[in-house]
Structures are given as structure tokens and as C-alpha cells.
Amino acid sequence: MQADAPLTLILGGARSGKSALAEAEVTARPGPWTYIATAQAFDTEMAERIAQHRADRVPGWRTVEAPLDLAGALKALPPGQPVLVDCLTLWLSNHLLAEHELIVVNNGLMAALQARRGPVWLVANEVGLGIVPDNALARRFRDAAGRLNQQIAAQADRVVFVAAGLPLMLKGG
Amino acid sequence: MQADAPLTLILGGARSGKSALAEAEVTARPGPWTYIATAQAFDTEMAERIAQHRADRVPGWRTVEAPLDLAGALKALPPGQPVLVDCLTLWLSNHLLAEHELIVVNNGLMAALQARRGPVWLVANEVGLGIVPDNALARRFRDAAGRLNQQIAAQADRVVFVAAGLPLMLKGG
Amino acid sequence: MQADAPLTLILGGARSGKSALAEAEVTARPGPWTYIATAQAFDTEMAERIAQHRADRVPGWRTVEAPLDLAGALKALPPGQPVLVDCLTLWLSNHLLAEHELIVVNNGLMAALQARRGPVWLVANEVGLGIVPDNALARRFRDAAGRLNQQIAAQADRVVFVAAGLPLMLKGG
């Protein structure tokens, strides 16, 4: 990526503080800041999680919903503005459930990230550190999430692993 | 926390060696050492795990059982003595199963830790790095454990992540 | 281990890039290289995973199948040649399913590693960072995998944790 448009991947577990860390890094830059939300509120629990995440953010964010067309959402943004995508793993899950061809979808995202002229933060879940799931779809999802994280990390300028709210640098400064 | 009473969080997965590392750090200090056990032996498997943990410890520990009233157990200890709490995640799980209000319970623990005049080690599980659990209670537990780990880590002087028995410093020296 | 025969443990989650990292380290040395495969193709999904792993490797590897007798496979190799075992966790799972005595099996492996005169890379899964599994066999497996990882890490010259394809040194340089 370009020096003026670094790509940062923030990787962590559930409730690891990865979103809060990403938001703190983004809001340390001049705004306006764009938050690309990939979550879909299929049920009450998910709606509550989304509302909680939104309530936790400081004011001043513009929110764009992109459960599937993340590449389109990135292309539509004015250049230069910091953007946070939260989260990549839900976006992947949305495409998997829609039975889309993941290689095509991931390549579309990689192209949009390379074309983007402005700093981007991507929040993603690490989901591969438990027992092999019983369920075949969960195993496919776990593999796909791991592969996407690797693909993004290879392109990223910075990769940060977060545990208990604390950052650990995997790549970059 | 005070310089003479550092708070250490030892975070890791199942069978990562986190208890052994915490015990080694505690017993490097002059005793007597207090071990606050939060496990409850509901069944044979759990009883065996508790007996195994106890057999693994060097002699010289005083054991206090505190499946729920961890704040009370900390307050009852003489000042200055090193104390190890093993583990925070089981304690949280005990309160969740008892349907206690977790915010109140966590705030009680934080107050007891801040009032404690002596070094404290807390062992906790990282449980958020696998696939999203099917079960709603497991999801609530996973979220609560992650939030508690963040809350403790923010107050701690040192946070150590353990994998395969090896420490990785997340905070402190 | 001996200076000319370092033992490296590469630890990571599913699709973390741990095999690719191990293969890159091995092939940076002069060949011939031996790949000891522990996977057994019980079903189509597993057969596809094995074929995918094999297709991902650069040419020039000799493959030895050792779903159970890993110690024997290590002893049968000519001295000096670099060898990659992928993966230790599947090998352990094969023994667990065969109801072998894990302490005996692990000690046999440790003896073979100590006797080996040549560099060895062991790839293993970290499986203990999710929610406690419902299933008793999965809990036994998770405990056994964690214990084996600790046992190997204590002997290893280098231990590398891999996430999103990026290495994090836990031990060694």
C-alpha cells in the first residue's frame, strides 16, 4: 500500500477489545471518519450487539452499512478519509451464507483495498484456536476466515493482535 | 496498583501452562503463599482436575476456597503476603450460573484488588479465539470473560500471555 | 538438542499459515527434505485437505506416512537431513482414538527427538483458546494437546507462534 494510505489489520478474539483499539487509532487522525459496518441484525441478540457497538463509539463517525458489497463501499468513499471496517469476519460469513464464490469475493476486496487512497483499518476475528468444530459449515468458515486473514496480513502495512485489550505487533511498527 | 503490591494477570488457553507459570512467579517471593481456588467439584472429572492441580503444587501453600466470594477472600488476607487466584474465569462462570449481576460482582472484585496491600496474581482463560458457540449461554460467558479480562488488564501492572508453557509479555516488564 | 540439530515447534491455529512457514524454513536449508505426514484420510473432506496440503508444497519433498509410529519414522531417517512433521496434533488425535496410553506414546516421541541427529520442525495446533467443549473426548484431547505442546516446547530450541501467516517468537531467535 502507499505510505499515505497504510492498511492495518486488527486481529483478535471475541471481546478482546479489537474494535476499541481500532477506533482509538482511527480517531487519533483528523476526521471525518467512516465506519463500515458489516453486521446484519437477523435477530434480537445481534441487534443488541450492533446497538452496543454503536453506543460505544465516540460521536463524529459516519456509518455505512455493507454486509456484502464492502468493495463497493470502499470505492464510494472520498479519498484521504480514514475508514474502519468492522468486521471482516462477519462480512465473510455473510458471503458464505449467501453461497457466493469466496475466491472471487476476496479478490474483489483485495483490488478495492489496493485502489483505496486513504488509510484503512480492518477488524477481523481469529477463530482457529479452539477445537475442530463438529459442524462442516463451521469448519469451512474457520478455514475461509483463516485464509482471508492471511491474505490481508500479507498485504497489510501493520498487523496487530489484541488480547485483553492489549496490542501485540505482528507486523509493522 | 502500588509499587509494593503489583497486580499480574496470567492469561492463556486450556493446558497452556498458565497455572505453573503463576505458581513459579509467586514462589520466587518469600512465603507464606496463599492459593485462592475458585473451582467447584460438581462431578468426578472436575474433582480429578482439582486434585491434579493441587498435587502439581509445591508444598507450602495455604489454600482458600472461594468459588463466589473472591472479594471477601482477598480482604480477609493479611497484608503483604503473595496471593494467587486460580482461576478468574471459573469464578466468573460460577457467578454466571448463579445468575448474579456480573457488573456488580466485577466491580466488587476490582475494589478488593485496589484495596489489597500485597502482590496478586490472577490466572484467567482466554476463551474467545474459537468459532462462535452455538449455545447462547456459552456466548454470554465468552463475552463476559473477555470483558473481565480487559477490565483486569487495564488495571494490571503486568499481563502475560502463555502458550505451550512459554510467556509473552503483553504489558509490564 | 544439539547445535547442528535444532528442534523447532511451529504452533498456530487452523489455517494460520503454520505449515507454509515451516515449509519455508525447511526448504531454506539444503535438501533432500522429508515430510512426515500424520493425517489419515478417513473421509472425502480429509482426503481433500491432504491433497491440498500436498499440492501447496514445492517439489523436492520425500513424503513418509506416519499416522501412529512417528518415533519409528524419525529413527529410520538418514542423519543430517531436515525433516518436517505435520502435524503433531493429528498424530496425538490418532493415538487418542486408538486408545493408546498417551504418556508412553509421548515419551517414545521425546526419546526419538532427542536421538535424532538433524534439524526437526514440528507443526502443532493450539486448540485451547476457545470455549470448553461440551464433549468429554474433546476435553481430553484438548488437555492432551496442550500438555504435549508444553512438553515439546520445553525441549525445543525455537518455538514460533503463527497468526495470519505471521510469526511471533516464543522461544529462541
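Sequence lines set the chain letters: A, B, ... in the order given, protein chains first and strands last, and positions in each chain run from 1. Values below: every heavy atom of this structure, side chains too, minus hydrogens, waters and symmetry copies.
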Supply the atom-to-atom distance C:Ile131 CD1 to A:Ile131 CD1, rounded to the nearest 0.5 angstrom.
12.5 Å
Mark yes when over 12 heavy atoms from residues, nucleotides or ligands other than C:Asn107 sit less than 6.0 Å from its CG; otherwise mark no.
yes
Between A:Gln150 (side chain only) and C:Arg15 (backbone N and O only), is there a donor and an acceptor less than 3.5 Å apart?
yes
Checking A:Leu170 against chain C: side chain, backbone, both or neither under 4.5 Å from a heavy atom?
both
Do other residues, nucleotides or ligands put more than 12 heavy atoms under 6.0 Å from C:Asn135 CG?
yes
I need the minimum non-hydrogen distance between C:Ala164 and A:Ala153, along with the two atoms involved.
O-CB, 3.3 Å
Non-hydrogen atoms of chain C under 4.5 Å away: do they reach the side chain of A:Leu168, the backbone, both or neither?
side chain
Reported CG-to-CG distance for the pair A:Leu11 and C:Leu166, which is rounded to 0.5 angstrom
9.0 Å
OG on C:Ser16 to CG on A:Leu129, rounded to 0.5 Å:
7.5 Å
